[in-house]
Amino acid sequence: MEIKATIAGSIYRMLVKQGDGFKKGEEVVILESMKMEIPIAAEQDGKVELIKLSEGDFVNEGDVIIVFS
């Protein structure tokens with residue numbers, strides 16, 4: 001399963017790392033767009049399998065940021 005960017009912008013802060021577990025509703029990444037910080041929360045419980053991008057990387061809406069199980 002995947003966590004995707006909800007808007008185009010830059011990855012401001014990654015709040016999880018590979019191997020971390022998280023709960024539904026927990027913020028896992030913060031995007032920055034037009035000088036606003038936009039948190040992305042997990043839609044279900046999971047464990048980070050792969051982080052595809054790094055802080056500072058640009059993303060388009062729909063780009064996969066985190067793969068989880």
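Sequential numbering from 1 along the given sequence is applied to the chain's residues.
- M1 is not listed as a side-chain neighbour of E43, based on a closest heavy-atom distance of 4.5 Å or more.
- Looking at V29, L31, T6 one by one, the single match for side chain to side chain contact (heavy atoms under 4.5 Å, CB included) with V59 turns out to be L31.
- Interatomic distance, D20 CG to E26 CD, rounded to the nearest 0.5 Å: 8.5 Å.
- Not one N or O on the side chain of S10 forms a donor-acceptor pair closer than 3.5 Å with the backbone of E32.
- Note: I40 CD1 to E27 CD = 10.0 Å, rounded to the nearest 0.5 Å.
- Across all their heavy atoms, E37 and I30 have their closest contact at CB-CG2, 3.8 Å.
- Sequence neighbours left out, not one pair with a member in residues 24-62 passes ring pair (Phe, Tyr, Trp, His ring centres under 6.0 Å).
- Applying the side chain to side chain donor-acceptor pair (under 3.5 Å) rule to pairs touching residues 45-66 yields E49-S69, sequence neighbours excluded.
- Cluster membership check: I11 does not share its hydrophobic cluster with V67, using side-chain heavy-atom separations under 4.5 Å among Ile, Leu, Val, Met, Phe, Trp and Tyr.
- M14 approaches I65 most closely through the heavy-atom pair CE-CG2, 3.9 Å.
- Taking all atoms of both residues into account, the shortest heavy-atom contact from A8 to S33 is O-OG, 3.1 Å.
- For the residue pair Q18 and I51, the shortest heavy atom distance occurs at N-CD1, 3.8 Å.
- Linking Ile, Leu, Val, Met, Phe, Trp and Tyr whenever their side-chain heavy atoms come within less than 4.5 Å leaves Y12 and F22 in two separate clusters.
- What you find for K4 and G62 is that their closest heavy atoms are CD-O, 3.5 Å.
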